[in-house]
Every structure is written in structure tokens, then in C-alpha cells.
Amino acid sequence: MQRRNTESIVGHLILIAGALLALYPFVSILVLAVTPRAERPSGFQLPSHPTLENFVDAWSQGGFDRALFSSAVVALGVVVGSVVLSVIAGYAFATMRFPGKALLAGFLLIGLVMPYEGLIIPLYYLLDGMGLLNTYWALILPQIATSVSLGVFWMRTAYDAIPKGLLDAAQVDGASRWRALTRVYLPLSLPAVATLATLLFLFTWNEFLMPLVLVAQNPDVQTAPLALSFFAGNTRNFNASVTAAAAVLVALPVLILYIFLQRRLITGITAGAVKE
């Protein structure tokens with residue numbers, strides 16, 4: 001009993017230390033963002049006169065309203081397209097037999113392990129030839145393609161955890177495969193779908209390399225991370241507090257999303273590990 005209590009205490013101390021290490025950079029940036037120009041805080045030292053003027057300056061100088069809108073358009077487009085394709089394809093892999101199934105699964109596996117940087121240059125010339133550079137489609141279509149591999153394997157695993165007898169019972173009652181998907185498999189796998197959508201949204205929102213290469217010439221479709229990079233690199237208007245405020249503005253939507261969906265995210269990740 002004493003040994004178990006000791007292990008619990010040590011485990012909690014490790015978790016607390018890890019949480020502090022993870023929170024320190026964010027809290028430091030947040031403190032810097034509310035610090036007037038005349039002050040320079042150190043670590044968790046709070047400024048004597050916190051201010052929100054840095055956020056106003058960052059918003060007005062960096063054009064983040066347009067950048068946040070572009071990020072939202074791209075992220076929602078990628079999430080919707082990837083989830084729809086992943087739900088249908090994952091269902092096919094989990095419940096159907098068709099020629100070339102193993103070979104196609106191997107191609108999807110290549111999509112998971114292929115270095116992302118190796119795709120960006122061929123992708124640039126492909127989209128240039130199609131006339132899609134510096135448009136929303138230049139970001140949405142490639143990221144759907146790169147997300148489907150993860151999505152298909154994710155949904156296939158979720159569907160494999162559903163008893164096959166439910167599909168047999170639905171077919172005995174006269175349900176088509178499509179009806180079995182929408183009425184049986186999809187409702188039971190909603191936690192996995194929500195988790196997949198959340199992860200894809202986070203990945204897409206934070207994507208930097210693809211916008212840098214494919215839409216850097218069009219300010220109207222530049223995403224928030226790219227706009228933040230250009231804003232921080234502008235030495236003429238550089239101010240550490242304003243740049244920190246801009247970083248908080250870019251990270252805020254993702255933080256809010258995680259706060260509201262963290263329970264659903266954890267439920268989806270652990271789905272199938274414990275039967276409810």
C-alpha cells in the first residue's frame with residue numbers, strides 16, 4: 001500500500017513538472033504580449049502595468065483578420081473533404097472485399113511515411129501547370145490528399161472495433177451498405193470522427209511550409225502562421241511585445257477549440273480501448 005502511494009506521488013510530481021515545462025513558453029509569450037514597450041519581463045514576472053495595446057497594434061498592423069479568415073477557410077475545407085473521404089474509404093476497407101485491397105492499403109501506407117518536404121517541389125510545378133498557385137485550392141486539395149492516408153487508417157480502426165454482427169443484422173433487415181454506414185457504423189464511430197476532424201483542423205491550422213511555397217505571392221489567401229512569420233520578420237516595425245501579441249492571436253482559435261473539444265478528443269483517441 002505504501003509502495004503504491006509512493007508511486008502515485010512520484011507519478012503526479014512527474015506530470016506536474018511536465019505540465020510546467022509545457023506551459024512555460026506559452027505563459028512567457030502571454031506575459032510579454034501584455035507588457036508595455038518600456039518594460040521587459042523575465043519568465044513569469046508580471047508587468048507592473050499590463051496592457052492590451054499590443055494586441056490592437058498587432059491586429060491593425062499585421063492584417064490578421066484576413067489571415068485568420070483564410071486559415072479558417074482552408075482548415076474547414078480540408079477537414080470536411082478529408083473526413084468525408086476517410087469515412088467512406090475506411091468503411092470500405094473495414095467491411096468489404098475487393099480486388100487490390102492489400103495493394104491499395106500499401107499505397108495509403110506510403111502516404112503516411114513519405115517525407116512531407118519531398119512532395120512540395122513537385123506539387124508546386126503541378127499546381128503551377130493547373131493555374132492554382134496562390135489560391136485557396138492550392139492549399140485545400142493537397143492537404144486533403146495528404147490527410148486521407150491517416151484518415152482512412154483511423155476510421156478503419158474505428159470500424160473494426162464495431163461488432164460485425166451489427167452489419168449482418170442490418171443486411172438481414174434489408175439495409176444497403178450505404179444505409180448500414182449512415183445508420184449503424186457512423187453513429188457508433190462519431191467519437192473517432194470528431195477526434196479525426198479535430199486533429200486535422202489542428203494540423204492544417206498550424207501548417208506553414210505549404211502556404212509559404214504555394215500562396216506566398218497572394219496576401220489575400222495567406223494563412224495565419226504565414227502572416228505571423230512575415231509580420232515577425234518585418235524589422236522596420238519589429239517590437240517583441242507586439243510580435244508576442246500576434247503569436248497569441250494566431251494560437252487563440254486552436255486553444256479555444258481544444259478547450260471545448262478536449263473531452264471529445266480524449267474519448268475518440270481511447271475509443272475501443274474500454275467498452276462503454
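Predicted model, so just to flag it, every value in this text is computed and none were measured.
- Residues Leu214 and Leu133 are in side-chain contact: their nearest non-hydrogen atoms beyond the backbone lie under 4.5 Å apart.
- No donor-acceptor pair under 3.5 Å is formed between the side chain of Tyr185 and the backbone N or O of Ile162.
- Ser176 contributes a side-chain N or O that, together with a main-chain N or O of Arg179, makes up a donor-acceptor pair within less than 3.5 Å.
- When side chains are defined from C-beta on, Leu141 does not count as touching Leu127, because their heavy atoms never get closer than 4.5 Å.
- Residues Leu167 and Arg177 have side chains in contact (heavy-atom distance under 4.5 Å, counting atoms from C-beta outward).
- Leu32 approaches Asn54 most closely through the heavy-atom pair O-ND2, 4.2 Å.
- Formation of a donor-acceptor pair under 3.5 Å by the Asn239 side chain with backbone atoms of Ser241 is found in this model.
- Proximity of Ser229 to Phe208: side-chain heavy atoms (C-beta onward) are separated by under 4.5 Å at one or more points.
- The number of heavy atoms from other shown groups lying within 6.0 Å of CZ (Phe69) does not exceed 12.
- Between Thr135 and Asn218 the shortest side-chain heavy-atom distance does not fall below 4.5 Å.
- Two residues are said to be in side-chain contact when any heavy atoms from C-beta on lie closer than 4.5 Å; Thr223 and Leu139 meet this criterion.
- Summarising the local packing, CH2 of Trp137 is surrounded by 12 or fewer heavy atoms from other residues, nucleotides or ligands at distances under 6.0 Å.
- Environment of OH in Tyr124: sparse, with no more than 12 heavy atoms of neighbouring residues, nucleotides or ligands closer than 6.0 Å.
- Among all heavy-atom pairs drawn from Gln222 and Val215, the shortest one is CG-O, 3.6 Å.
- Counting all heavy atoms, side chain and backbone alike, Ile144 lies closest to Leu85 at CG2-CD1, 3.9 Å.
- In this structure a side-chain-to-backbone donor-acceptor pair under 3.5 Å is missing from Ser149 to Leu109.
- Each of Phe153, Tyr159, Phe98 was scored for a ring pair (Phe, Tyr, Trp, His ring centres under 6.0 Å) with Phe93, with one residue passing: Phe98.
- Between Ser70 and Tyr136, the shortest heavy-atom contact is OG-OH, 3.2 Å.
- The shortest non-hydrogen separation linking Val193 to Leu186 is CG2-CD1, 4.1 Å.
- A heavy-atom distance below 4.5 Å is not found between the side chains of Val213 and Leu123.
- Counting heavy atoms of neighbouring residues, nucleotides and ligands inside a 6.0 Å radius, atom CD of Gln171 exceeds 12 of them.
- Distance alone, capped at 3.5 Å, is enough to place a donor-acceptor pair between the Trp205 side chain and the Val250 backbone.
- A pairwise comparison of heavy atoms in Ala224 and Ser71 identifies N-OG, 2.7 Å as the closest pair.
- Using a 4.5 Å heavy-atom threshold, the side chains of Thr95 and Leu181 count as separate.
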